Protein chains: 2
Amino acid sequence: MKLSTKGEYGLRAIIDIAENSKNGEYVSISDISTRQKISDRYLEKIIAKLKKSGLVKSSRGVNGGYILGKDPKCINMFDILSVLEDNIDVTECMDIHVFEKCNNHYTCKARKLWVKINEAVENVLKNTTLLDMIKQEIKKGEEIE
Amino acid sequence: MKLSTKGEYGLRAIIDIAENSKNGEYVSISDISTRQKISDRYLEKIIAKLKKSGLVKSSRGVNGGYILGKDPKCINMFDILSVLEDNIDVTECMDIHVFEKCNNHYTCKARKLWVKINEAVENVLKNTTLLDMIKQEIKKGEEIE
DNA sequence: CTATTTCATACTGATTTAGTAGGAATTATA
DNA sequence: TATAATTCCTACTAAATCAGTATGAAATAG
Ligand code: FES
Ligand code: FES
């Protein structure tokens, strides 16, 4: 039940972009990779997916890099992770294309749980925006730290 | 973000046991494997985990097999899946033992999402009992099928 | 022109997954 | 007591996936 590093690194990367292109500056892979301590070659490949989906836009050449493709409050976690992860469902049999795999799709009791888990996860993902992730939460009593 | 077959098969197996040992009869691996269409050798290994954790009890020899170790309403999905899956958290860094892995555990913005997902999944798992899974739901309008 | 950057494609070692295999121990029943 | 049915225990393995490398072309600012 684990996310791949693509999902993990990719989310960290887009958060990094959101935080570091505040003045319209492009954020380069090398910057992200040093800040996030992730292999730059690997990051390239991961960010390519974000690019392809339109979640980020790019500029080549000197001072190039990436910026968000949309307003951070219009990007939610489901958008991001479904691009990064090959599939986001808990089991194969949740995928309509492989529904024959199960011995008895329609009566299978286990299926009820997969549905519930999927719903719960999707609910979190769709209701959490990129803005939610980057905004500072001011909580009382935390000044001490 | 996918469950392993251990989790999938294991849950189907314990549901099968719950449904087929109604009169105190032990349910054998070969019965489960033919009903569920899962390799019996593989099932052996999976059910061994359930046995070890006390979720099922076994009897060797002729007419042997497995029965539930507890009342199905006292077994929840978290109990079952945490025994079957090596880890149930969405990312490594949710594991306290590997918290150094993250570049900055305390300020990492991505972490907020991992926490939310984990909470949502745990909530479903802990609030769904084995009894919930096996009981027939009578819904109006389904007699037609 | 040159340095810097993304973009595209192919390759690879390590790890994990999903099983298999062989046989010992236990038990009901005839 | 012999036998068949069952769990139990440990080791092995082929295939797939993961995580990352490698190479170099294309674009662009200065
Ligand atoms: S529907 Fe896939 S496990 Fe049953
Ligand atoms: S705490 Fe693990 S990704 Fe940040």
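In this text the structure is predicted, and so the values were computed from the model without any measurement. Note on naming: letters A, B, ... go to the chains in the order of the sequence lines (proteins, then strands), and numbering restarts at 1 for each one.
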*Run through the side-chain heavy atoms of Ile, Leu, Val, Met, Phe, Trp and Tyr, join any pair under 4.5 Å, and report what else lands in V62(B)'s cluster.*
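The other cluster members (ILVMFWY side chains, heavy atoms under 4.5 Å, direct or chained): none.
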*Starting at the 5' end of DNA chain C and moving along, which residue's nearest nucleotide shows up first, K45(A) or N63(A)?*
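Its nearest nucleotide being more 5', the pick is N63(A).
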_Residues that E44(B) engages under side chain to side chain donor-acceptor pair (under 3.5 Å), provided they are two or more places apart_ =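 Scan of E44(B) (side chain to side chain donor-acceptor pair (under 3.5 Å), adjacent residues dropped) gives none.
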*Apply side chain to side chain donor-acceptor pair (under 3.5 Å) to S33(A) and list each qualifying residue two or more places apart in sequence or on a separate chain.*
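So S33(A) forms no side chain to side chain donor-acceptor pair (under 3.5 Å) with any residue.
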*Quick one: list whatever passes salt bridge (charged side-chain N to carboxylate O under 4.0 Å, His left out) with K2(A), sequence neighbours left out.*
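For K2(A) the salt bridge (charged side-chain N to carboxylate O under 4.0 Å, His left out) partners, ignoring immediate neighbours, are E92(B).
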_Restricting to salt bridge (charged side-chain N to carboxylate O under 4.0 Å, His left out), what partner residues turn up for K45(A), sequence neighbours left out?_
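For K45(A), no residue satisfies salt bridge (charged side-chain N to carboxylate O under 4.0 Å, His left out) once neighbours in sequence are set aside.
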Rounded to whole angstroms, how far apart are [atom1] on [X] and [atom2] on [N]?
X	N	atom1	atom2	value
M1(A)	dT17(C)	CE	C1'	17 Å
L43(A)	dC7(C)	CG	C1'	15 Å
K51(A)	dA8(C)	NZ	C1'	12 Å
E92(B)	dC18(D)	CD	C1'	13 Å
R41(B)	dG22(C)	CZ	P	8 Å
D40(B)	dT20(C)	CG	P	8 Å

Where along [range] does a heavy atom fall under 4.0 Å from DNA chain C?
range	value
residues 83-91 of chain B	none
residues 18-30 of chain A	S28(A), I29(A)
residues 52-62 of chain B	R60(B), G61(B), V62(B)

*Side-chain donor-acceptor pair present, Y9(B), S39(B), cut-off under 3.5 Å*: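 Absent: no donor and acceptor within the cut-off.
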*asked:* Going by side chain to side chain donor-acceptor pair (under 3.5 Å), name the pairs with one or both residues in residues 14-26 of chain A, residues two or more places apart or in two chains.
replied: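 Output for this query lists D16(A)-N20(A), D16(A)-R35(A), D16(A)-Q36(A), E19(A)-K109(B).
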_Y42(A), nearest nucleotide to its side chain (from dG19(C), dC7(C), dT21(D))_ =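 Side chain of Y42(A) sits closest to dT21(D).
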Which pairs pass salt bridge (Lys or Arg N to Asp or Glu O under 4.0 Å) with one or both residues in [range], sequence neighbours excluded?
range	value
residues 78-89 of chain A	K49(A)-D86(A)
residues 120-129 of chain B	E122(B)-K126(B)
residues 57-76 of chain A	D71(A)-K73(A)

_With L113(A), the side-chain contact (heavy atoms from CB on, under 4.5 Å) member among L3(B), I80(B), I15(B), L125(B)_ =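 Option passing the side-chain contact (heavy atoms from CB on, under 4.5 Å) with L113(A): L125(B).
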